Amino acid sequence: MTRKAATGSKLTIATLGSHCSLQVLKGAKDEGFRTLLVCEKRRLGLYSRFGFIDEIVEVGSFTEILGDTCRRRLKQVGSVLIPHGTLISQMKSDEIEKIDTPVFGNKWILRWEADRILKEKLMKEAGLKIPQAVRSKNEIKGLCIVKLHGAAGGRGYYLAWNRESFEEGARRLIDQKIIRAESDLYIQEFIRGVPVYLQYFYSPITEELELLGIDRRYESDIDGIGRIPAKQQLGASSIEPSYTVIGNIPLVLRESLLEEVYKIGENFVRTAERLVPPGMPGPFCLEGVYDSEGKFTTFEFSARIVAGTNLYLDGSPYSGLLYDEPMSMGRRIAREVKVAKKRGKLDKVVT
Ligand code: AMP
């Protein structure tokens with residue numbers, strides 16, 4: 001499905017139809033790019049509603065971007081592919097690394113996002129305060145959160161406080177065919193406080209780190225449990241909170257916390273440069289919990305755009321401090337590609 005023909009040497013911003021694709025392609029269009037969406041057949045109805053999508057390449061499943069037809073088309077129109085959470089959750093790291101269309105950011109760091117052990121290493125080396133990882137169910141002491149590997153959007157996470165509660169949760173996930181074995185799970189100390197997602201953009205062109213937005217997630221059903229009074233909660237013994245992301249809520253931090261936000265972001269960028277060249281060009285997110293002392297413990301990072309940035313299509317309270325125009329994360333990505341191309345430095349922003 002094509003609305004406009006490809007034009008000569010002009011670049012096309014391409015992405016997969018899911019997650020934050022509307023924001024990414026709208027931002028690309030605002031910056032003057034051609035836009036292309038790789039879209040599963042079942043979602044054509046949704047995405048064909050939006051006039052800023054110039055071309056839709058229909059696929060049965062997203063892994064087809066590795067196939068000849070899709071690759072050829074992406075190449076023909078000079079695509080830069082913007083990776084997001086759906087790419088990470090639907091493709092293995094090996095497959096992502098094989099993509100030969102230029103990928104915005106550092107595709108090699110996506111393996112570090114998907115692998116819990118590498119992820120922990122990067123966060124530790126960046127000097128971030130992180131939750132204690134619990135290596136075995138026999139070592140569980142105190143409240144822990146049990147997670148799946150990869151970008152699962154909180155799906156399947158559960159709380160455990162001893163070996164029995166861990167095994168009970170694991171059994172449930174095995175019965176539901178969400179995991180194959182207990183070894184598919186990762187146990188982490190549960191941090192008490194409020195979850196906060198810090199949305200950054202690092203430009204290897206200006207060598208500056210920008211904080212473009214902050215959000216928190218709205219998760220089912222942990223965020224809904226407070227709506228059930230204590231008496232009814234106690235009566236309903238089968239309540240097992242889950243952490244499935246349903247949406248995102250905007251947030252601003254106390255201004256006195258911002259200096260530390262920049263500091264940890266910069267430490268992360270410098271460490272990524274050292275451990276996973278070329279580092280962390282483009283958008284990333286540090287995800288954690290502020291405790292009652294205002295201390296931030298980072299439990300995760302995303303080494304690409306996060307869906308929480310969808311809140312700020314018209315800019316955020318933070319992007320407004322840096323730009324005199326509405327600057328979404330999607331648009332910021334497109335701006336970086338534009339500036340890099342103009343200065344002959346495209347290789348600095350894609351891998
Ligand atoms: P994630 O998918 O890892 O970003 O986590 C999903 C949700 O689980 C977060 O929004 C938090 O509510 C919660 N969470 C994850 N890790 C921790 C932790 N170590 N301590 C407390 N809550 C956590």
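Positions are given from 1 along the sequence. All values reported here derive from a predicted model rather than from experimental measurement. In each ligand, atom 1 is the first atom listed, and ligand 1 is the first ligand listed.
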> So do the side chains of Pro102 and Thr351 get within less than 4.5 Å of each other, counting heavy atoms only?
Replying inline: no
>> With a heavy-atom distance limit of 4.0 Å, tell me whether Tyr186 approaches ligand 1 through its side chain, its backbone, both, or neither.
In response: neither
> Relative to ligand 1, is Ile145 under 4.0 angstrom through side chain, backbone, both or neither, heavy atoms considered?
Replying inline: side chain
>> Distance under 4.0 Å to a non-hydrogen atom of Pro131: what atoms of ligand 1 satisfy this?
In response: 19 (N)
>> Can you confirm whether Lys338 is buried at NZ, in the sense that more than 12 heavy atoms of other residues, nucleotides or ligands lie under 6.0 Å from that atom?
In response: yes
>> Are there over 12 heavy-atom neighbours, none belonging to Glu259, within less than 6.0 Å of that residue's CD?
In response: no
> Would you call Arg332 and Glu336 a salt bridge, using N to O less than 4.0 angstrom?
Replying inline: yes
> Taking N or O atoms only and a 3.5 Å limit, does Tyr157 qualify as a polar contact for ligand 1?
Replying inline: yes
> Do the side chain of Tyr200 and the main chain of Tyr262 share a donor and acceptor less than 3.5 angstrom apart?
Replying inline: no
>> Suppose I only count heavy atoms of Phe190 and a 4.0 Å limit; which atoms of ligand 1 are within that range?
In response: 20 (N), 21 (C), 22 (N)
>> Using a strict threshold of under 4.0 Å (side-chain N to carboxylate O), is an ion pair present between Glu273 and Arg270?
In response: yes
> Hey, looking at atom 15 (C) of ligand 1, which of Lys119, Arg216, Lys147, Glu300 has the closest heavy atom?
Replying inline: Lys147
> Hey, which atoms in ligand 1 end up nearer than 4.0 Å to a heavy atom of Glu287?
Replying inline: 4 (O)
